[in-house]
Asks: 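Just passing along the structure, written as structure tokens.
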Amino acid sequence: MTSDVRELPAGFGRLWTAQTISSLGDGVSHAALPLLALTLTRDPMALAVVTAAGTLPWLLFGVLGGALVDRWDRRRTMWVMDAARAVLLAIPAAAAALDVLSIALLAAVAFLLGLGGLFFDTAATAYLPDLLGRDPALMERANSRLRGAQTAASGFAGPPAGSALLALGRAVPLLADAVSFALSALLVRSLPAAPRPVPEARESLLRQARAGASYVFRDRLLLGLALRPAVGNIAFLAVETVLALFAHDRLGIDTYGFGLLLTAEATGGLLGAGIASYLGRRLGTGTALTCTAAVEGLAILGLAAAPNPYVAGLALAVCGAGMGATMVLGPSLRQAVVPAHLMGRVASTSRMLAMCAAPFGAFLGGWLATTYDVRTPLYTAAGLLLTMTAVTSTMTSNRQVEAALRAAAPADDPDHPESWDPVQEGAI
């Protein structure tokens, strides 16, 4: 493939910069919002409302949102969503400055931010292939750089900055995130225009969405790949809902330390993403996915039993490594076996399942902490992850993966993009 020596276009640099800046702001909010909510209430269920609100747009819109993006100008959708989120964040910032901030307002803002993220992320996913001329190798390199920058900005730099900015005032981290969205909007608006999608006049949005969903549910491998993040999100949101409370009450971690705790998870995430290709080659993609899922469950079990912040940080780092590897192996495998004309809808269906599961996890975590103990959601999450690992191990086994790759590979064109396995080829 000659694309191995091609350079990424100049426009990608602006897209990379925009998403890096925005991810930095997201990292600031990721640490600041739960801590901000803690200044208003100690009720785990109230904290769960704020956490779940950000994921509800996927439950309400999901694949239909992806079908809408396919009918809109993708670049315009991206910068308009970023600009709208910048304006939106000014509202809770003003409320915090005036000391009228409430859980209800935080939940509403989280919902609208999630809605903007739904449209932005879907549009960005659809825009990138147009920017790169639909070259598989260039897209792999671009996605790798985007994921690395996102992890570094939102995982490393953002959380400690969010905790530190919160110490300066409750409005400060919100304003910082608003600025990041505004800068991102300006950069995205300067990107080259992509061809406007041609609407399929004879096919409804519902019919398009149903085609993508049915393809996932009929395919055993794709269903297994979709179940992993869906069950995983139930578990991880149950943990995330009470993590700030758990860290403060059981581990004695202060505001700045909580940001460092989140950074430990991001450190593991970078390591996991870096070794994903090696794991896929040594173990086979299916076995590697089973191993990383098991590592996540055992790590959360270790977090629940952690006697001090250091063990908790190590557990989160190990969990992050499992998640990082999974987030490379799973999507790469899906890209290799799904027909190109269904890729967008299949990907959005899988993500919708994962995002729709998240609110249930948030409320589960809040209910368990209220009814029993703040450690109970962590033990429950570990049990869910380990059970999911056992259930899906045969659905995504090496045998299933190899059969799917053979079925997807055109017999007369071994270099066809659909026959290219980026994990096995070590391209990731």
Side-chain angles (χ1 to χ4, degrees), residues 16 19-20 23-24 26-27 30-31 140-163 225 228-229 232-233 235-236 239-240 243 247 253 257-306 308-335 354 378 381-382 385-386 388-389 396 421-428:
W16 179 89
Q19 294 207 18
T20 301
S23 294
L24 179 61
D26 289 342
H30 182 60
E140 192 61 52
R141 288 167 53 196
N143 281 318
S144 177
R145 295 186 187 186
L146 288 170
R147 185 175 297 282
Q150 181 183 25
T151 301
S154 65
F156 283 107
S163 300
L225 290 175
R228 288 178 183 272
N233 266 6
F236 294 133
V239 173
E240 184 177 329
L243 186 59
I253 296 177
F258 181 69
L260 294 178
L261 196 65
L262 296 179
T263 301
E265 183 179 359
T267 303
L270 280 180
L271 174 62
I275 66 173
S277 177
Y278 172 80
L279 292 176
R281 291 194 304 270
R282 293 289 295 179
L283 304 176
T285 301
T287 300
L289 282 168
T290 298
C291 290
T292 56
V295 164
E296 294 169 12
L298 293 173
I300 294 299
L301 189 63
L303 174 64
N308 57 61
Y310 303 103
V311 175
L314 177 61
L316 278 176
V318 172
C319 182
M323 293 171 64
T326 299
M327 291 172 68
V328 170
L329 293 168
S332 298
L333 176 57
R334 186 183 297 113
Q335 182 183 29
L378 279 64
L385 289 170
L386 293 174
M388 176 271 297
T389 302
T396 59
D421 181 5
V423 174
Q424 298 300 329
E425 293 296 325
I428 298 176

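Quick note: numbers below take in every heavy atom, side chains included, and nothing from hydrogens, waters or symmetry partners. Keep in mind that what you see is a predicted model, and the values were worked out from it rather than measured. Along the sequence shown, the residues carry numbers beginning at 1.
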Asks: What are the two closest heavy atoms between Phe258 and Ile253, and how far apart are they?
Replies: N-CG2, 3.2 Å
Asks: Roughly how far, to the nearest 0.5 Å, is the CZ atom of Phe236 from the CG atom of Leu385?
Replies: 5.0 Å
Asks: Does Leu225 reach the side chain of Leu289, with side-chain heavy atoms less than 4.5 Å apart?
Replies: yes
Asks: Of all the heavy-atom pairs spanning Thr389 and Thr290, show the shortest one and how long it is.
Replies: CG2-O, 3.5 Å
Asks: Looking at every non-hydrogen atom in both residues, tell me the closest pair between Gly297 and Ala382 and how far apart they are.
Replies: O-CB, 3.5 Å
Asks: Does the side chain of Arg282 come under 3.5 Å of the side chain of Thr287 through a donor N or O and an acceptor N or O?
Replies: no
Asks: Is there a side-chain contact between Val318 and Met323 (heavy atoms, below 4.5 Å)?
Replies: no
Asks: Please give me the minimum heavy-atom distance between Ala293 and Met388, naming the atom from each residue.
Replies: CB-CE, 4.3 Å
Asks: Kindly give the heavy-atom pair with the smallest separation between Gly302 and Ala315, and that separation in Å.
Replies: C-CB, 4.0 Å
Asks: Can you tell me how far apart CG (Leu279) and OG1 (Thr292) are? Round to the nearest 0.5 Å.
Replies: 8.0 Å
Asks: Restricting to non-hydrogen atoms, name the atom on Ala306 and the atom on Ala312 that form the minimum distance, rounded to 0.1 Å.
Replies: CB-N, 3.7 Å
Asks: What is the distance from atom OG1 of Thr326 to atom CD of Glu296, rounded to the nearest 0.5 Å?
Replies: 4.5 Å
Asks: Taking side chain as C-beta onward, heavy atoms only, is Leu283 less than 4.5 Å from Cys291?
Replies: yes
Asks: If you measure from CG on Leu378 to CG on Leu243, what distance do you get to the nearest 0.5 Å?
Replies: 7.5 Å
